[in-house]
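Here's the structure we're looking at; comments come further down.
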Amino acid sequence: MSHNINPKTLSRRNFIKISGLTGTALCLGFHFPANSREAKILSGTDEATSVELNAWIHIDTSGKVTLFSHRAEMGQGVYQSLPQIIAEELEVNLNEINIVFAQGDNKKYGNQITGGSSSVRGSYKNLLNLGATAREMLIEAASNKWNVSKTECYAEAGHVIHRPSGKKFHYGELVVDASKLEAPKTVKLKARSEYKLIGKPLNRQDTALKTSGTAIFGLDKKIPGMLYAAVERNPRLRGKVKSFDDSAARKIPGVKNVFKVRMGVFSTYREGVAVVADSTWAAIQGKKALKVEWDDSGFEHLSTAEIFKRQEEELKTKEGLSFRKAGDPDNILQQAQKKIDVVYQTPYQSHSCMEPLNCVAHWQGDKLEIWGPIQAPEWVQDYISKEMGLPRESVIVNLTFLGGGFGRKAFMDYPHEASVISKEIGAPVQVVWTREDDMTQGPYRPGISYRCEGVVTNGEINAFKVRMAGQNNDHWRGGDKTKANRSTSEGFLKPYFDTIKNISFAEVLFETPIPTMWWRSVYASTNGFAYESFMDELAIAAGKDPLDFRRQYLKDERLHRQIDKIEEVSGWKKRKKNEGYGVAITECFASTVGQVVKVSKQTDGKIKIDHVWAVIDCGWYVNPDTIKAQAEGSIVMALGAATMHEIIFKDGMTQQRNFYAYNMPRINDIPPIEVHIMENDADAGGVGEPGLPAFTPALTNAIYDLTGKRIRKLPFSLNTI
């Protein structure tokens, strides 16, 4: 690991001033690939009022502690969980500290991309060490002041206390001296049994801000001289502006300017007409008054039925790009007298975050500053610096709260569009997308078809073969089209590959002009439905109990404990007649979730979901309440995607424009949900997304158990089975 630091200039004083995280990283052996040796830290002089002990921790001389959250908060809880980790080892009370969002600066904070359920699992060990390092430096500073042994001192509630005498200093009295010390090379971390904050169901710090209206979301951001813009964009996504008539738009009171705008959509561009005004209302009214003629030549105008028909045809005739293969499933399938050969399909879906897209941008010639609900500040910096010819460090990204993200706000199109408009008008601007803009413009979760083939012999899986045909999100970013989608088996439990001797996964390359990208749990959200439903079909063909069948092939002690828990909490072995029970177990972002769904048929023939049990093994975790909330939210989102909504295309245009056509689950649609967390000392896994993939196959497997009807195409209606 190289940091290009001259050891001759690395004094004790300079050590802590070089970089909060990187300085500590040198001592403790951390490695954040994007770290820099240039991050600036405030001087630890007697005159200083604030000292930055590392990139995440600021303590002023009054003892006030500010912890920085370097990841976006979109409802998943990192605004609390990341500071909660630091506060545990730093020994401060979480309700007495200030939490703020860090600016986009991956040289200082490392990776700041909020996605892949990676915020806690990707940084918790480093953050524990950072908190402990700062604590030990404060203790050392206190022991030096008292001229006593460091072993006689301990930290508690933002103070260092001398155990024999009871004397104490608050942290503010120590930070200047602490900043002059060399960071310890090793620190002792607490055992989990000693935790005061971690593992406890603490109230989230952002709840009060959101309920009082003081939390600043992107739409709340205002800066002096800011104007407002709305954009009429081509409804066919790749079309261009042929001409436009803005005469009526310019007559709307408050409208100041109208012009053509172009924003990047991965490696393509989307055109539209921007209306700039002195209020959002005026901008939207001006947009409605526009008359635009579009050039939609040069690309296909596909409809949904055509997309899935093509996928089915491709799966019939093509073997695809091999992702993983063991044994000889093809030969076994060819010779088998009896086999299962079925197709599963999942639709395109919108992210439909409760907060529509928005962004504030201020072009200032030699720099550009952005504020907004952004999941990936470093990607925004990379993309916009190239598109607009600015040095990367001159693109400043400020995070706000996000009203939902699900992957959509890790995209660069809306910050780029706001930046282009600000440059054109020479003033700061807030661009607001309406719900219709958000729903009709994408990008979407890709619609995918799966061909699943299998052979069961003497109650055992003899062959298991899957091919998927759907858009590869990597290809929108220039990915290698000669290699199978890296997520082809996402969601499928890895131990299956050790026990199913003849198995293969492949991708049949499939492309459309429709932009696609990540959606909550990414490909596991669709793969899980196909693979765990198919596993259920194989269990039935083998004449085995579906949960026992999975246990048979998942030869892993940790998984067996989880299966035991699933069996226990759901009463799986006590199932009764006229009750449908379905199970599914999926892996997503290093966490495994097993779910059991119980269904029954009402007197009117409709299917009722009676109960959902979810058992999550996410290893080391911070806050059980956050885990339960995320699992519940994931299940609700999965329920909507399975039974209520989809994005449909006709002649290249999205048909769903708002929630009247893209129905969301209501409170009376939600069944009782019971979430259980496995306790172990394994490394932390993700939490925000893993609760989603297992629900749908557990539901459809339960419906099969009750009715004998196998559901292989989503969405479906619980009222018409």
Closest heavy-atom pair and its distance - Pro347, Pro715: CG-CD, 3.8 Å
Carboxylate-amine/guanidinium proximity below 4.0 Å for Arg204 and Glu73: yes
Single hit among Lys601, Lys608, Lys598 for salt bridge (Lys or Arg N to Asp or Glu O under 4.0 Å) with Glu579: Lys598
Phe217 and Phe401 aromatic ring geometry - parallel, tilted or perpendicular at 30°/60° bounds: tilted
Ring-face cation contact, Trp572 with Arg550, 6.0 Å cut, 45° max: no
Salt-bridge present (Glu312, Arg451; N to O < 4.0 Å): no
Trace of the side-chain hydrogen bond (donor to acceptor under 3.5 Å, both in side chains) decision for Tyr450 with Asn527: CA-CA 8 Å; Tyr450 299 83; Asn527 293 356; 2.5 Å; yes
Nearest heavy atoms of Ile635 and Gly691, plus distance in Å: CG1-O, 3.9 Å
Closest non-hydrogen atom pair between Val265 and Tyr383, with its separation: N-OH, 4.2 Å
Under the side-chain contact (heavy atoms from CB on, under 4.5 Å) test, residues paired with Ala631 that sit two or more places apart: Val675
Residues, nucleotides or ligands: over 12 heavy atoms within 6.0 Å of Asp604 CG: yes
Ion pair Glu271/Arg233, N-O distance below 4.0 Å: no
Lys210 atom NZ, over 12 foreign heavy atoms within 6.0 Å: yes
For residues 284-291, run the donor-acceptor check on the side chains, cut-off 3.5 Å, and write out each pair with its distance to 0.1 Å, sequence neighbours left out.
| residue | atom | partner | partner atom | Å |
| --- | --- | --- | --- | --- |
| Lys287 | NZ | Val231 | O | 3.3 |
| Lys287 | NZ | Asp437 | OD1 | 2.6 |
| Lys287 | NZ | Asp437 | OD2 | 2.8 |

Lys/Arg N to Asp/Glu carboxylate O, Asp625 vs Lys628, below 4.0 Å: no
Smallest separation among heavy atoms of Ile566 and Ser570, with atom names: O-OG, 2.7 Å
Sequence-distant partners of Lys465, side-chain contact (heavy atoms from CB on, under 4.5 Å), two or more places apart: Glu319, Asp330, Leu333, Glu453, Arg467, Ser504
Criterion side chain to side chain contact (heavy atoms under 4.5 Å, CB included) on Asn578 and Ser600, from CA distance to verdict: CA-CA 7 Å; Asn578 300 320; Ser600 60; over 6 Å; no
Pairs involving residues 639-655, ordered by first then second residue, that meet salt bridge (Lys or Arg N to Asp or Glu O under 4.0 Å) (sequence neighbours left out): Arg236-Asp651
Parallel, tilted or perpendicular, as decided by the 30° and 60° cut-offs, for the rings of Phe411 and Phe266: tilted
Intermediate values then yes/no, ring-ring contact (aromatic ring centres under 6.0 Å, His included), Phe492 and Tyr523: CA-CA 10 Å; Phe492 191 70; Tyr523 284 95; over 10 Å; no
Note, Phe464 side chain near Leu538 side chain (heavy atom, < 4.5 Å): yes
Side chain to side chain donor-acceptor pair (under 3.5 Å) partner of Ser449, the single match among Glu313, Lys309, Gln345: Gln345
With sequence neighbours excluded, residues passing side-chain contact (heavy atoms from CB on, under 4.5 Å) with Ser81: Val78, Val120, Val622
Flag side-chain contact, heavy atom, 4.5 Å: Thr400 against Asp220: no
Side-chain heavy atoms of Asn473 within contact of Trp518, under 4.5 Å: yes
Polar side-chain atom of His416 near backbone of Gly264 as donor-acceptor pair, under 3.5 Å: yes
Donor-acceptor contact below 3.5 Å, side chain Gln375 vs main chain Lys409: yes
Thr516 side-chain N/O to Tyr444 backbone N/O, donor-acceptor pair under 3.5 Å: no
Side-chain ion pair, Lys318 and Glu507, N-O less than 4.0 Å: no
Ser350 side-chain N/O to Ser352 backbone N/O, donor-acceptor pair under 3.5 Å: yes
N-O pairing of Arg712 and Glu537 below 4.0 Å: yes
Non-hydrogen side-chain atoms of Leu237 and Arg270 separated by less than 4.5 Å: yes
Backbone of Ala524 reached by a side-chain donor or acceptor of Glu490 within 3.5 Å: yes
Residues Asp474 and Arg477 bridged, charged N to O under 4.0 Å: yes
Tyr344 side chain reached by Leu714 side chain, heavy atoms, under 4.5 Å: no
Arg710 to Tyr704, cation-pi by 6.0 Å centre distance and 45° axis angle: yes
Minimal non-hydrogen separation, Pro546 against Val583, with atom names: CB-CG1, 4.1 Å
Heavy-atom pair of closest approach, residues Val599 and Asp610: C-OD2, 3.3 Å
Ring-face cation contact, Tyr269 with Arg262, 6.0 Å cut, 45° max: yes
Over 12 non-hydrogen atoms of neighbours within 6.0 angstrom of CZ in Arg486: no
Thr207 backbone acceptor or donor facing Thr211 side chain under 3.5 Å: yes
Worked verdict on Arg71 versus Gln112 for side-chain hydrogen bond (donor to acceptor under 3.5 Å, both in side chains): CA-CA 5 Å; Arg71 294 289 181 94; Gln112 291 182 262; over 6 Å; no
Test side-chain hydrogen bond (donor to acceptor under 3.5 Å, both in side chains) applied to Gln349 and His645, step by step: CA-CA 8 Å; Gln349 295 284 7; His645 54 69; 2.8 Å; yes
Test of ring centre spacing under 6.0 Å for Tyr531 and Tyr496: no
Ring center gap for Phe649 and Tyr348 short of 6.0 angstrom: yes
Tyr621 backbone acceptor or donor facing Arg121 side chain under 3.5 Å: no
For Trp613, ring pair (Phe, Tyr, Trp, His ring centres under 6.0 Å) partners two or more places apart: His611
Side chain to side chain contact (heavy atoms under 4.5 Å, CB included) between Ser118 and Ile113, worked out: CA-CA 8 Å; Ser118 62; Ile113 298 166; over 6 Å; no
side-chain hydrogen bond (donor to acceptor under 3.5 Å, both in side chains) between Gln471 and Thr512, worked out: CA-CA 7 Å; Gln471 288 173 255; Thr512 80; 2.9 Å; yes
Cation-pi geometry met for Lys713 and Phe308 (6.0 Å, 45°): yes
Residue pair Val241, Val273: steps toward the side chain to side chain contact (heavy atoms under 4.5 Å, CB included) verdict: CA-CA 8 Å; Val241 176; Val273 179; 4.3 Å; yes
